[in-house]
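Everything quoted here is computed from the prediction, not taken from an experiment. All values below were derived from every heavy atom in this structure, side-chain atoms included, with hydrogens, water molecules and symmetry-related copies excluded.
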Amino acid sequence: MNILKKKKLERNFFRNLRAESSLIDRKNVFKNVKFFLDTFSKRNKKLNHIAVYWPLKNEVDIRGLKDEFSLALPRCEEDRKLSFYSWDDKPLSKDLEGIPSPKSNNPLSHNHISLIFIPCLAVDQNFIRLGSGGGYFDK
């Protein structure tokens with residue numbers, strides 16, 4: 001079996017597994033992320049933006065971090081490149097993939113982002129991420 005077929009089977013398996021997770025499971029993941037960030041921010045005096053994702057298809061929703069941290073959201077640009085923008089109180093608009101994101105002319109540089117949380121379906125023992133297959137977060 002080639003790698004593309006294997007990844008397709010694994011994606012289907014983990015999508016189904018994620019679909020079976022309960023709201024309590026997802027809330028517990030959020031609590032663990034929040035605990036990590038609280039601990040991280042106590043150790044690091046300067047914490048810039050934290051880049052997160054807009055949750056799709058039963059992904060864990062960590063947008064609630066916005067209550068305590070400066071968040072950034074990705075926007076898919078015309079060249080299929082992701083740029084990150086500060087998530088402020090302005091209305092969001094849909095990017096090229098139809099995902100809500102900030103509309104701004106000022107993308108954040110890597111110097112303005114302390115951490116990036118990216119969606120994934122699974123991670124193996126070597127910390128290799130299995131994403132949804134679009135390749136956006138791999139570039």
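- Contact annotation: the side chain of Ser86 approaches that of His49 to within less than 4.5 Å [non-hydrogen atoms, C-beta and beyond].
- To the nearest 0.5 Å, atoms CD (Glu59) and CZ (Arg15) are separated by 9.5 Å.
- Screening Asp89, Asp88, Asp61 for a salt bridge (charged side-chain N to carboxylate O under 4.0 Å, His left out) with Lys66, the sole residue that qualifies is Asp89.
- Side-chain contact check for Phe35 versus Thr39: some heavy-atom pair is nearer than 4.5 Å.
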N/O donor to acceptor pairs below 3.5 angstrom from side-chain atoms of residues 17-25, sequence neighbours left out:
residue: Arg18; atom: NE; partner: Lys57; partner atom: O; Å: 3.2
residue: Arg18; atom: NH2; partner: Lys57; partner atom: O; Å: 3.0
residue: Ser21; atom: OG; partner: Arg18; partner atom: O; Å: 2.6
residue: Ser21; atom: OG; partner: Arg26; partner atom: NH1; Å: 2.9
residue: Ser22; atom: OG; partner: Ile24; partner atom: N; Å: 3.4
residue: Ser22; atom: OG; partner: Asp25; partner atom: N; Å: 3.0
residue: Ser22; atom: OG; partner: Asp25; partner atom: OD2; Å: 3.3
residue: Asp25; atom: OD2; partner: Ser22; partner atom: N; Å: 3.0

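- Asp38 has its side chain within reach of Lys34: a pair of non-hydrogen atoms, C-beta onward, lies under 4.5 Å apart.
- Here the closest heavy-atom approach between residue Cys76 and residue Glu97 is recorded as SG-CG, 4.0 Å.
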TODO: Evaluate the side-chain contact (heavy atoms from CB on, under 4.5 Å) criterion for residues Ser104 and Lys90: first the C-alpha distance (whole Å), next the side-chain angles of each, then the deciding distance (0.1 Å), finally the verdict.
DONE: CA-CA 10 Å; Ser104 171; Lys90 294 177 186 167; over 6 Å; no
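- Tyr53 and Pro74 make their closest contact through CA-CD, 4.3 Å (heavy atoms, listed as atom of the first residue, atom of the second, distance).
- Note on Phe14 and Val60: separate hydrophobic clusters, where clusters join Ile, Leu, Val, Met, Phe, Trp and Tyr whose side-chain heavy atoms are under 4.5 Å apart, directly or indirectly.
- Contact between Tyr85 and Glu77 at its shortest, heavy atoms only, is OH-OE2, 2.6 Å.
- Residues Pro102 and Arg75 share a closest heavy-atom pair of O-CD, 3.2 Å.
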Open item on the list: Checking Asp79 against Lys81 for the salt bridge (charged side-chain N to carboxylate O under 4.0 Å, His left out) test, could you report, in this order, the C-alpha distance in whole Å, the side-chain angles of both residues, the deciding distance, and whether it holds?
Closed with: CA-CA 5 Å; Asp79 57 0; Lys81 175 184 154 199; 5.4 Å; no
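- Atom CD1 of Ile50 is separated from atom CG of Leu73 by 12.0 Å, given to the nearest 0.5 angstrom.
- With rounding to the nearest 0.5 Å, the separation of NZ in Lys6 from CG in Asn2 is 11.0 Å.
- Considering all non-hydrogen atoms of both residues, Leu71 and Leu65 come closest at CD1-C, 3.9 Å.
- The shortest side-chain heavy-atom distance between Leu47 and Phe69 falls under the 4.5 Å cut-off.
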Quick one: side chains of residues 108-126, donor-acceptor pairs under 3.5 Å with protein atoms, not counting sequence neighbours, listed by atom name and distance.
residue: Ser109; atom: OG; partner: Asn111; partner atom: N; Å: 3.2
residue: Ser109; atom: OG; partner: His112; partner atom: ND1; Å: 3.1
residue: His112; atom: ND1; partner: Ser109; partner atom: N; Å: 3.4
residue: Ser114; atom: OG; partner: Asn48; partner atom: N; Å: 2.7
residue: Asp124; atom: OD1; partner: Asn126; partner atom: N; Å: 2.8
residue: Asp124; atom: OD1; partner: Phe127; partner atom: N; Å: 3.1
residue: Asp124; atom: OD1; partner: Ile128; partner atom: N; Å: 2.9

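- Leu130 has its side chain within reach of Arg11: a pair of non-hydrogen atoms, C-beta onward, lies under 4.5 Å apart.
- When side chains are defined from C-beta on, Glu68 does not count as touching Leu37, because their heavy atoms never get closer than 4.5 Å.
- When every heavy atom of Leu96 is checked against every heavy atom of Glu78, the shortest pair comes out as CD1-CA, 3.1 Å.
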